[in-house]
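Inspection log for the structure reproduced underneath, given as structure tokens.
Per chain, numbering begins at 1; letters A, B, ... match sequence-line order.
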There are 2 protein chains.
Amino acid sequence: MHKVKYAHMNRGVCEVALGDAILACLTERPMTGYELAKTFDASIGFFWKADHQQIYRELSRLRDRGHIRGREVVQSGKPNKLVYTLTSEGRAALKHWAARPSSPPSIKDDLLVRLYALDCIDIEPLRADLMARLEHHRDRFGRYERILKKRFPDGTAAPADAGKLLALHIGLRHERVVAEWCEEALDRLSSISTRTNVQPLEDSQRENKG
Amino acid sequence: MHKVKYAHMNRGVCEVALGDAILACLTERPMTGYELAKTFDASIGFFWKADHQQIYRELSRLRDRGHIRGREVVQSGKPNKLVYTLTSEGRAALKHWAARPSSPPSIKDDLLVRLYALDCIDIEPLRADLMARLEHHRDRFGRYERILKKRFPDGTAAPADAGKLLALHIGLRHERVVAEWCEEALDRLSSISTRTNVQPLEDSQRENKG
DNA sequence: CGACTTTTTCGTGTTACGGTAAAGAACTGG
DNA sequence: CCAGTTCTTTACCGTAACACGAAAAAGTCG
């Protein structure tokens, strides 16, 4: 008859990582929700983006759980802000979370679905989309490179930052790879559309004959 | 001056693609929910997985919208099944969806968050996790290769299948790349743990003074 | 008969995520 | 001073995603 509201042990399987991503972000330094919301410190935000409402909501939840503590900092010229710091429980929770096996995420990229259904869709918007994405990923690649150069000018990191450098490397690699497959897709698209024109799309209307 | 926002009018219709992924899957051939749930035809399911309840719920929704039509097939020896076919509205909807710009997804891989917070977590479980993931992605790579060999033995596809071949190529590349960065991470992890031991973690207990 | 497979469906809860909005403070500028 | 902007936080709402737990209907196998 006792109802478990916050079932700490119930979260055995859930992989929720928005909260944990925030915790991870706060391991580096205390931050405000506003700051977190802007960029996630130009780091975790790269592979885990969330808008400010999500951040704030998650911050309240984490505070309720005692994983972080907010200290109000009175500012002049600006509204007071809440700087959140990891508590020792928060660190323990992060550690505990990190010790559980992760499950591989799906790619879930709309573009792949579109490519899969290539023969049923219009290729021009797809091409435009691919080009936009190519630019996007190239852009990100450039940003990562700049951050890498600025934060780790000699390519090495202190032991405490080794993971951050590694994550950055992986992010860099990821952007490069996605940009590459965008290029490949554009390439194929060109060779396809030169060989066969936009297909007549009449066949889809045939089955109306019930 | 007001800022120019990228104002494509998002009419509340979701960017979500589970439904669209199913539509895309059904472009190839009619399938039952059971079949879809099992593997998504060993194709789209690679980058978009969902359990059978999700599939069935989405199928009902698509049927309600008139995007697919279910035909009951009487079987002997097994319960009757509902084979779903794309309607012309479904094709049109897919086409329409595919013509909208997509937004790049975040990576959202727990492993990256853990790497980012590397100095705050235990490395042994992380290492085990990385090894499991490495194996997983290698396995997937092998499966993709086998499918590729079986479905496109000469490396080329009919125009109607060009997109599927391309998507498969991308999936293949993705698995290879993720496996590679798992290897890199494991490598770094080894060199780190030989240099510095597991850190003493006492500093996190200091702030208990409240 | 019971156990199992195939196929479909329902219910319930939690999280995620996006939009719209607002509220309070202090500075900026006409 | 009023209007607007930046900074900072918060609330409400809706839908999608996802996980967990069941179960029903029909037929096979032991």
Using the test salt bridge (charged side-chain N to carboxylate O under 4.0 Å, His left out), find all partners of A/Asp51 that sit at least two apart in sequence or belong to another chain.
none
Please confirm whether the backbone N or O of A/Glu124 pairs with a side-chain atom of A/Asp122, one donor and one acceptor, at under 3.5 Å?
no
Interatomic distance, B/Trp97 CH2 vs D/dA16 P [rounded to whole Å]
15 Å
Separation of D/dC7 atom C1' from A/Leu36 atom CG, nearest Å, is 15 Å
Measure the distance from CG on A/Asp20 to C1' on C/dA16 and round it to the nearest whole Å.
14 Å
Using OP1 and OP2 only, check whether a side-chain N or O of B/Tyr34 sits under 4.0 Å from C/dT6.
yes
Can you name the residues that form a salt bridge (charged side-chain N to carboxylate O under 4.0 Å, His left out) with B/Arg57, not counting sequence neighbours?
none
Given side chain to side chain donor-acceptor pair (under 3.5 Å), test B/Arg71 with B/Thr85 step by step and report yes or no.
CA-CA 8 Å; B/Arg71 260 184 299 249; B/Thr85 319; 2.9 Å; yes
Which atom pairs, donor and acceptor, lie under 3.5 Å between side-chain atoms of residues 179-187 of chain B and protein residues at least two apart or in another chain?
residue  : atom : partner  : partner atom : Å
B/Glu180 : OE1  : A/Arg173 : NH1          : 3.4
B/Glu183 : OE2  : B/Arg138 : NH2          : 2.4
B/Glu184 : OE1  : A/Arg173 : NH2          : 2.1

Spacing between B/Glu35 atom CD and C/dT5 atom P, to the nearest angstrom
19 Å
With sequence neighbours excluded, residues passing salt bridge (charged side-chain N to carboxylate O under 4.0 Å, His left out) with B/Arg143
none
In whole Å, I'd like the distance from the CD1 atom of B/Ile55 to the P atom of C/dT9.
13 Å
Grab the CD1-C1' distance between A/Ile22 and C/dT15 for me, whole Å please.
13 Å
To the nearest Å, how far apart are A/Arg65 CZ and C/dT14 C1'?
11 Å
Here the distance between atom C1' of D/dA16 and atom CG of A/Leu18, to the nearest Å, is 16 Å
Restricting to side chain to side chain contact (heavy atoms under 4.5 Å, CB included), what partner residues turn up for B/Ser106, sequence neighbours left out?
A/Lys49, B/Lys108
Between protein and nucleic acid, restricted to nucleotides 10-14 of chain D and to nitrogen or oxygen atoms under 3.5 Å apart, what atom pairs and distances do you find?
residue : atom : partner : partner atom : Å
D/dT10  : O4   : A/His52 : NE2          : 3.4

Which comes earlier along DNA chain D counting from the 5' end, the contact point of B/Arg61 or that of B/Asp51, where each point is its nearest nucleotide?
B/Arg61
Does a side-chain N or O from B/Gln54 land closer than 4.0 Å to OP1 or OP2 of D/dC18, or not?
yes
